[in-house]
Amino acid sequence: MALAVIAVLSFYGIRAYMGSQSVRELQGVEVREYQGERLGSIGDFRENSIRGPQDVDVDSYVLRVTGMVEEPRNYTYGEVLDGFQGYEKVVTIDCVEGWSVKVLWEGVLVSEVLDVSGMFPSVNTVIFHAEDGYTTSLPLEYIVDNEILMAYKMNGLVLPTEKSFPFQLVAESKWGYKWIKWITEIELSDNGEYRGYWESRGYSNDADLNGSYWGN
Ligand SMILES: Nc1nc2c(c(=O)[nH]1)N[C@H]1C(S)=C(S)[C@@H](COP(=O)(O)O)O[C@H]1N2
Ligand SMILES: [Mo]
């Protein structure tokens with residue numbers, strides 16, 4: 001109880017005190033256990049991105065919400081973090097290459113970002129674009145029903161620049177190629193047939209972890 005009060009007080013206290021100053025996070029220590037669960041490490045990932053690590057500049061970064069929306073929006077990195085509620089979830093990422101890592105993710109709900117822009121009723125597909133030209137898509141229903149996060153932290157640390165900064169999709173129960181990194185744009189579409197980078201090269205568009213990742 002006392003702890004909670006202190007946490008709330010210090011949260012508001014610091015916010016009020018800092019005023020318009022932006023808060024700079026200093027590098028901390030990676031969280032390796034959460035509610036009794038052993039987590040994997042940032043170091044457990046293998047780098048297999050289509051164009052290698054990307055270096056996104058936080059000052060010029062813009063997240064765009066485009067396509068079939070009433071109000072297309074542009075957000076700076078700070079606007080995403082300050083403008084939306086943060087959520088935590090422990091989710092394992094599985095790559096088709098045969099490795100997996102369990103991570104504590106912290107991020108914003110994609111559906112809450114979309115709600116601001118107001119989607120056309122015919123939207124059924126969410127297409128994500130990234131800094132390296134990578135793309136992937138997921139059904140709108142999947143994003144909403146599963147409370148899918150766009151993460152800005154893993155194991156308590158800001159996503160490392162070359163790994164996935166500023167945002168990585170936490171596409172739980174889907175193969176790793178749906179977990180797009182370095183997200184720059186979220187496009188709303190009514191094209192249920194859309195296929196992203198790996199999906200248009202033979203990988204399953206459904207990408208369900210329980211199913212095959214090849215074909216359909
Ligand atoms: N922008 C971008 N995102 C990407 C990829 C990529 O090449 N570019 N590769 C995907 C694949 S195949 C996997 S398995 C995961 C790996 O995520 P990680 O680097 O966090 O382990 O990223 C996915 N997201
Ligand atoms: Mo992958």
Side-chain angles (χ1 to χ4, degrees), residues 3 7 25-56 63 77 80-81 84-113 126 128 130-132 134-139 141-184 186 196-199 203-214:
L3 250 187
E25 178 138 1
L26 300 174
Q27 199 66 345
V29 173
E30 186 181 7
V31 175
R32 296 297 306 281
E33 200 180 298
Y34 184 72
Q35 297 180 353
E37 261 190 292
R38 187 93 189 121
L39 301 171
S41 167
I42 291 181
D44 295 345
F45 290 86
R46 282 183 228 166
E47 170 37 49
N48 60 355
S49 309
I50 55 164
R51 284 191 181 80
Q54 301 292 304
D55 190 356
V56 173
L63 173 72
Y77 179 64
V80 176
L81 268 64
F84 296 94
Q85 165 78 49
Y87 298 87
E88 283 186 336
K89 240 188 207 183
V90 173
V91 189
T92 300
I93 172 171
D94 294 85
C95 175
V96 299
E97 289 178 326
W99 52 268
S100 63
V101 189
K102 186 190 269 187
V103 171
L104 167 64
W105 302 95
E106 183 180 326
V108 298
L109 273 181
V110 175
S111 61
E112 293 189 352
V113 176
V126 186
F128 296 87
E131 181 78 7
D132 56 354
Y134 191 83
T135 58
T136 194
S137 66
L138 287 156
E141 199 179 24
Y142 161 84
I143 300 269
V144 174
D145 291 356
N146 297 287
E147 301 183 307
I148 296 304
L149 295 182
M150 196 174 73
Y152 48 78
K153 276 190 183 180
M154 57 192 297
N155 291 353
L157 300 180
V158 173
L159 300 181
T161 302
E162 70 290 352
K163 244 210 112 315
S164 43
F165 182 86
F167 302 112
Q168 177 167 18
L169 196 70
V170 181
E172 58 189 77
S173 74
K174 302 288 185 187
W175 288 104
Y177 58 88
K178 293 287 182 185
W179 296 54
I180 186 169
K181 304 179 282 192
W182 307 294
I183 300 170
T184 52
I186 308 176
Y197 184 89
W198 286 119
E199 295 89 331
Y203 285 88
S204 157
N205 208 17
D206 179 62
D208 223 302
L209 272 183
N210 299 321
S212 161
Y213 52 74
W214 195 251

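Positions are given from 1, in the same order as the sequence printed here.
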Review point. Under a 4.5 Å cut-off applied to non-hydrogen side-chain atoms, are Tyr213 and Cys95 in contact?
Key: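 No. Closest side-chain heavy atoms not under 4.5 Å.
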Here the gap from Thr136 atom OG1 to Asn205 atom CG, rounded to the nearest 0.5 Å, amounts to 7.0 Å
task: Measure the shortest side-chain to side-chain distance between Leu138 and Ile148 over non-hydrogen atoms and say whether it is less than 4.5 angstrom.
output: no
Closest non-hydrogen contact found for Ser212 with Ser204 is O-CB, 3.6 Å
Gln85 side chain reached by Leu109 side chain, heavy atoms, under 4.5 Å: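 No; the side chains remain at least 4.5 Å from each other.
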In short, Val126 meets Ile186 closest at the heavy-atom pair CG1-CG2, 3.5 Å
Is Glu199 paired with Lys178 through a side-chain N to carboxylate O contact shorter than 4.0 Å?
yes
Which of Tyr134, Trp105, Phe128 passes ring pair (Phe, Tyr, Trp, His ring centres under 6.0 Å) with Trp179? Answer is Trp105
### Query
Sub-3.5 Å donor-acceptor pair from the side chain of Gln54 to the main-chain atoms of Gly52, do we have one?
yes
| field | Heavy-atom side-chain contact between Val170 and Tyr87 under 4.5 Å | value |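 No; the side chains remain at least 4.5 Å from each other.
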Hits for salt bridge (charged side-chain N to carboxylate O under 4.0 Å, His left out) against Glu131, two or more places apart or cross-chain, chain-then-number order -> none
Hits for salt bridge (charged side-chain N to carboxylate O under 4.0 Å, His left out) against Glu106, two or more places apart or cross-chain, chain-then-number order -> none
Exercise. Glu172 and Asn146: side-chain donor and acceptor closer than 3.5 Å?
Worked result: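 The criterion, which ignores hydrogens and geometry beyond distance, is not satisfied for Asn146 and Glu172.
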**Request:** Measure from the ring center of Tyr203 to the ring center of Trp198 and say whether it is less than 6.0 Å.
**Result:** yes
Exercise. With a 4.5 Å limit on heavy-atom distance, are the side chains of Met154 and Leu159 in contact?
Worked result: yes
Where is the tightest heavy-atom contact between Ser173 and Tyr142, given as atom of each residue plus distance?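 Smallest heavy-atom distance, with atoms named: OG-CE1, 4.1 Å.
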Can you name the nearest heavy-atom pair linking Ser49 to Lys181, along with the distance?
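Heavy-atom minimum between the residues: OG-NZ, 2.9 Å.
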Closest non-hydrogen contact found for Ser100 with Asp94 is CB-OD2, 3.2 Å
**Request:** Output yes when a side-chain donor or acceptor of Trp175 lies under 3.5 Å from a complementary backbone atom of Asp208, and no otherwise.
**Result:**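 Checked: pair present.
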* Identify, with sequence neighbours excluded, every residue that meets salt bridge (charged side-chain N to carboxylate O under 4.0 Å, His left out) alongside Glu37. =>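 Checked Glu37 against salt bridge (charged side-chain N to carboxylate O under 4.0 Å, His left out); matches are Lys102.
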Q.
Suppose we call two aromatic rings close when their centres sit under 6.0 Å apart. Are Phe167 and Tyr77 close by that rule?
A. yes
| Within 6.0 Å of CD in Glu112, more than 12 heavy atoms from elsewhere | yes
Quiz item: Are Glu147 and Lys89 ion-paired here, with the side-chain N under 4.0 Å from a carboxylate O?
Solution: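 Looking at Lys89 together with Glu147, the answer is no, because their closest N to O distance does not fall below 4.0 Å.
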Under 3.5 Å: donor-acceptor pair, side chain of Trp182, backbone of Asp132 =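 Pair absent, no side-chain N/O of Trp182 close to backbone of Asp132.
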Margin query: Could you check whether any side-chain heavy atom of Val90 comes within less than 4.5 Å of a side-chain heavy atom of Gln35, counting everything from C-beta outward?
Written below: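 Contact flag for Val90/Gln35 side chains = no.
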